[in-house]
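Below you'll find the structure, written out as structure tokens, and then a few comments.
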Amino acid sequence: MPAGSCSSDVGAMEINANRADFPILQREINGHPLTYLDNAATTQKPRSVIQAITRFYEQHNANVHRAVHTLSEEATALYEDARAKVARFIGAPSARCIVFTRGTTEAINLVAQSWARAHLTAGNEIVLSEMEHHSNIVPWQMVARETGAAIRYARVTPRGLLDRKHFSSLLNKNTRLVALTHTSNVLGTVNPLRDMISEAHDLGAVVLVDGAQGVPRAPVDVAALDCEFLAFSGHKMLAPTGIGVLYAKEHILASMEPVQGGGGMITRVEEAGAEWMEPPWRFEAGTPNIAGAAALATAVDYLTAIGMAEVQAWEASLTEYALAALDQAPGITVFGPRDSLIQSGVIAFNADGVHPHDAAQILDEVGVAVRGGHHCCQLLMRRLGVPAVLRASFSVYNDQGDVERLIGGLERVARVFR
Amino acid sequence: MPAGSCSSDVGAMEINANRADFPILQREINGHPLTYLDNAATTQKPRSVIQAITRFYEQHNANVHRAVHTLSEEATALYEDARAKVARFIGAPSARCIVFTRGTTEAINLVAQSWARAHLTAGNEIVLSEMEHHSNIVPWQMVARETGAAIRYARVTPRGLLDRKHFSSLLNKNTRLVALTHTSNVLGTVNPLRDMISEAHDLGAVVLVDGAQGVPRAPVDVAALDCEFLAFSGHKMLAPTGIGVLYAKEHILASMEPVQGGGGMITRVEEAGAEWMEPPWRFEAGTPNIAGAAALATAVDYLTAIGMAEVQAWEASLTEYALAALDQAPGITVFGPRDSLIQSGVIAFNADGVHPHDAAQILDEVGVAVRGGHHCCQLLMRRLGVPAVLRASFSVYNDQGDVERLIGGLERVARVFR
Amino acid sequence: MDEDKGGLYRAVILEHAKNPRNSGRVENPTLQARASNPLCGDELELTASLEGGILADIRFQVRGCAIVTAAASLMSQVVQGQDLEVARVLGRTFAGVMEGEASDLPADLAALEPLVEVKKHRSRIKCALLPWYALADAEGAGG
Amino acid sequence: MDEDKGGLYRAVILEHAKNPRNSGRVENPTLQARASNPLCGDELELTASLEGGILADIRFQVRGCAIVTAAASLMSQVVQGQDLEVARVLGRTFAGVMEGEASDLPADLAALEPLVEVKKHRSRIKCALLPWYALADAEGAGG
Ligand SMILES: Cc1ncc(COP(=O)(O)O)c(C=O)c1O
Ligand SMILES: Cc1ncc(COP(=O)(O)O)c(C=O)c1O
């Protein structure tokens, strides 16, 4: 069980208890213990989540809906209970607001293809930001090309914050949709969404929040945010790959056409056409990732037992510790806010004169897993003026020891390239 | 390990060895051993497949592509090796012909949204059959509505075969696309695809094969079939939920636009637009179901070790045995060909005077899992003149004992409703 | 599991399924509704004659499984002669029990007790509720 | 793992990465190409002067990681003074080794041995091959 009491002055020992829950942390990489700091790409899974998958296949596996036999009833209950649990986790009023998808990317594409294609026309504007992940850019470019809508990008300041004034200046009565990330997957920047959403609403725009990094790192409450859409991925919050979530306000979901057709989303099929089921099932054509949904519920249980406020505090303390250590390290340039109050669990930096891929490779030689590259944020890279950066990102099982091994690895990088 | 030698006179004992590989078969349902005959909905998973998932999360979990650290290299290798293995399994010339999807439904929708939307216009015709699963009907209805193309349905004969002459009569120079199931998920009917595909090709039509039932039950070779597209689902062939396959000829895939945009499918993103990666990655936006793909490779290994010809022979022998037993049972009406030469592992029937849901429920009380309903084939139900049927369907671990327990259960159904 | 006691198909359900009470159509109904569950193919028609707000006669024509047939039969006995609005409240109460929000049947629904077992089978709950949905949706016929 | 021997970053790679041979541009090149790996941000320009089919001079301008820089440097030494078509065949041979189709480097590519370690790291193979892709694609400059 995860440690339950990680208050803001959380000590390494307390949350350390979590490490034992993650079997992969026993692995050695090139003769060194694994120091996994690539959590913004995907997190590791606790034993309980892995067991939830095994349990599903060893005891309950069946297709969902439409069958009366015991296994199918059990599989359906696991799947639909997962929907309800996810709804509670993000403060959604009902399980009917939750569509299961493959991940954040598919969730955003669903909104682009169903909602946006139906609502946007030439003259309309979509507001994004330069810090968006490609998954929150390319779907809008595709829909913009089809509909003739235009895209405006809110600037990122040199400190790595969203330029709040520039954002406001982009909003106008033609703005139909605003799509923003909760937390930058490169800089860790947390955007002041409540405020921005209400500003967008004042102009009649609909708001999608990309929660891929935010939902795993902080309490996220859709009722408080009041966003129309929230997209996030299971695999970045201790759950398996292949399962993700689109939250949408119920009346909006009810107005949307399905994007994929097939089994499980119709009530009636005639030669000439078909009648859709109600949401959310209308949007889940075909056999879904049932085991993935069941295991996502277990991941939510795991995070809830720790407490998302505690997760947030813990990542803030690690971020502070790491920022201080990186500041001490010679020849390291850190990007982004460098302030754990508005930066959540993700740090971008470079070793001067060393290409991020070379640095990441040398870190890997001592078991430190970080990612180097553009992190699916080429617009942000251009704004930062670099082709690529190194990124260290935390999750619940990381501790100060991981940060120390990172710093040790960076000393090694400097020695190799001295 | 599965029994390796199941020749055409395959004995129950030999392939029986497989049962021990499937942990769920140890389960008791309502005090009876599980008799799982709902394999056309989804199959159970052998231990090796479940362990492949566990092993992935305990040892190799990372996101694929774009990172240089060891775990990411390993995860990428598992994912891309799975692609190559799937290609070999269906006789595809290259791994580049294999797109991973959530399942058959998503694979068919991908073709509908990318290929068909670009190629169909008013005046064009799509030929389907009345025995198609909703997943091979509704996507075409959606694209037909958008493009103005018309859909023609090849009739099913009273014996449950595709009316070959009627099919031919539907083909003409306006036929752009033919989409047919390899094996009916209700009647088990196996269509004479080679012949039908070459007839469609003669008129210049492109052919999609719905392999959801066919690929798990018989050797399927895309080079021999010469179809342009083949769609199938992992979860119906011993692999996890949430992973499936679209095979497409390489030059066709190369001509297709992506449907979903996001990370992992672009080479370059600018404010104004993006450049796609080459296929198949162009069609896999976002983090894929990595563990699912790795476990699908293990399922392919398991089936390959048995041999697909042996699987086919085994299911044919069970089908014959079950058809004979159902013929003896009083008050049972069997639908479909009733001939194991053209019927593969799936049998539809009803208990006279008993609603299929009631029969399925009473069978469940003695641990027999069959499905009652329209099986996502409302057009076929109308052709058969029934609202719903019972369906028993086999996989590698079923044996004559399962058939006997089904027959015993049906006697119980008759007693309850006597 | 004994074939005749307990379980979904206890004797009283089977008896109602085989000999549904108030089966057929009311002539010149003043209240009418159809309900269906396309997922199972169940279809049902409710006709009733309403006299001063009272369900003077109510009948069902059902094509469906044993559960929906028995549910319509049992319901017709419960609401026959009841005030329509009272009957609709009873329907909501019963739905609450079947969907797990309330735990016990009130005394005036005691006759429905044999159906409560259905709530253990999520996929069948709609079968037990379908006749009540029809009543909730029923409107004046012919006008 | 020792920092200076073995592994990807053995001394010879680092030495070439820090002091790439034949770095820069050939003036008035008769052969020219750009190659890039947008996934890493690596970019490279090849310029050469071709005299009677012979690569009389070849130079690289690289913005990228140590591997691609060293690979360009090592390659320039191997192909300098070679027949262009022979050099392109060498490139295909090297690609075959790196992609695991062939197992051993032929004698005339022995100088590339330090790069063979890269093949253990799938994500980096393209870095070692990028200069060779540029040579394969190179076309006459200015005309
Ligand atoms: C901010 C952000 N948005 C979207 C995504 C895409 O998520 P996924 O790949 O799970 O679809 C990611 C992760 O890669 C991300 O960090
Ligand atoms: C013939 C056929 N086609 C398509 C499907 C849809 O497959 P999935 O639900 O895995 O997408 C199925 C299974 O339900 C099927 O049997």
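Atoms considered below: every heavy atom in the structure, side chains included; atoms not considered: hydrogens, waters and symmetry mates. Residue numbers start from 1 in every chain, and the chains themselves are labelled A, B, ... in the order their sequence lines are given, proteins ahead of strands.
- Under a 4.0 Å N-O distance rule, the pair Glu130(B)/Arg383(B) qualifies as a salt bridge.
- If you tally non-hydrogen atom pairs under 4.5 Å between each of Arg268(B), Gln51(B), His133(B), Arg145(B) and chain A, the highest count goes to Arg268(B).
- Most heavy-atom pairs under 4.5 Å with chain A, from the set Gly242(B), Ala360(B), Pro356(B): that is Gly242(B).
- In terms of heavy-atom pairs under 4.5 Å with chain A, the best-connected choice from Glu257(B), Met265(B), Lys236(B), His235(B) is His235(B).
- Of the listed residues (Ala67(B), Gly373(B), Cys377(B)), the one with the most heavy-atom contacts under 4.5 Å to chain A is Ala67(B).
- Of the listed residues Gly264(B), Gly262(B), Gly103(B), the one with more heavy-atom pairs under 4.5 angstrom with chain A than any other is Gly262(B).
- Residue Pro240(A) touches chain B through both its backbone and its side chain, counting heavy-atom pairs closer than 4.5 Å.
- Options Thr105(A), Asn109(A), Val138(A) differ in how many heavy-atom pairs under 4.5 Å they form with chain B, and the most are formed by Asn109(A).
- Judged by distance alone, with hydrogens and angles left aside, the side-chain atoms of Arg27(A) form a donor-acceptor pair with the main-chain N or O of Gln59(B) at under 3.5 Å.
- Looking at Ile50(A), the atoms closer than 4.5 Å to chain B (heavy atoms on both sides) all sit in the side chain, from C-beta outward.
- Put simply, of Gln44(A), Gln26(A), His375(A), the one with the most heavy-atom pairs under 4.5 Å next to chain B is Gln44(A).
- Ranked by heavy-atom pairs under 4.5 Å with chain A, the list Val259(B), Ile53(B), Leu25(B) is led by Val259(B).
- Among Thr287(A), Thr43(A), Val269(A), the residue making the largest number of heavy-atom pairs under 4.5 Å with chain B is Val269(A).
- Within residues 35-42 of chain A, the residues having any heavy atom closer than 4.5 Å to a heavy atom of chain B are Tyr36(A), Asp38(A), Ala41(A), Thr42(A), listed by residue number.
- Contact count against chain B (heavy-atom pairs under 4.5 Å) is highest for Glu271(A) among Arg382(A), Glu271(A), His357(A).
- Among the candidates Lys45(A), Glu106(A), His60(A), the residue making the largest number of heavy-atom pairs closer than 4.5 Å to chain B is Glu106(A).
- Residue Val143(A): no heavy atom, backbone or side chain, is found under 4.5 Å from chain B.
- With a 4.5 Å cut-off on non-hydrogen atoms, Arg102(A) touches chain B through its backbone and its side chain both.
- The most heavy-atom pairs under 4.5 Å with chain B, out of Gly273(A), Gly292(A), Ala144(A), Ser233(A), come from Gly273(A).
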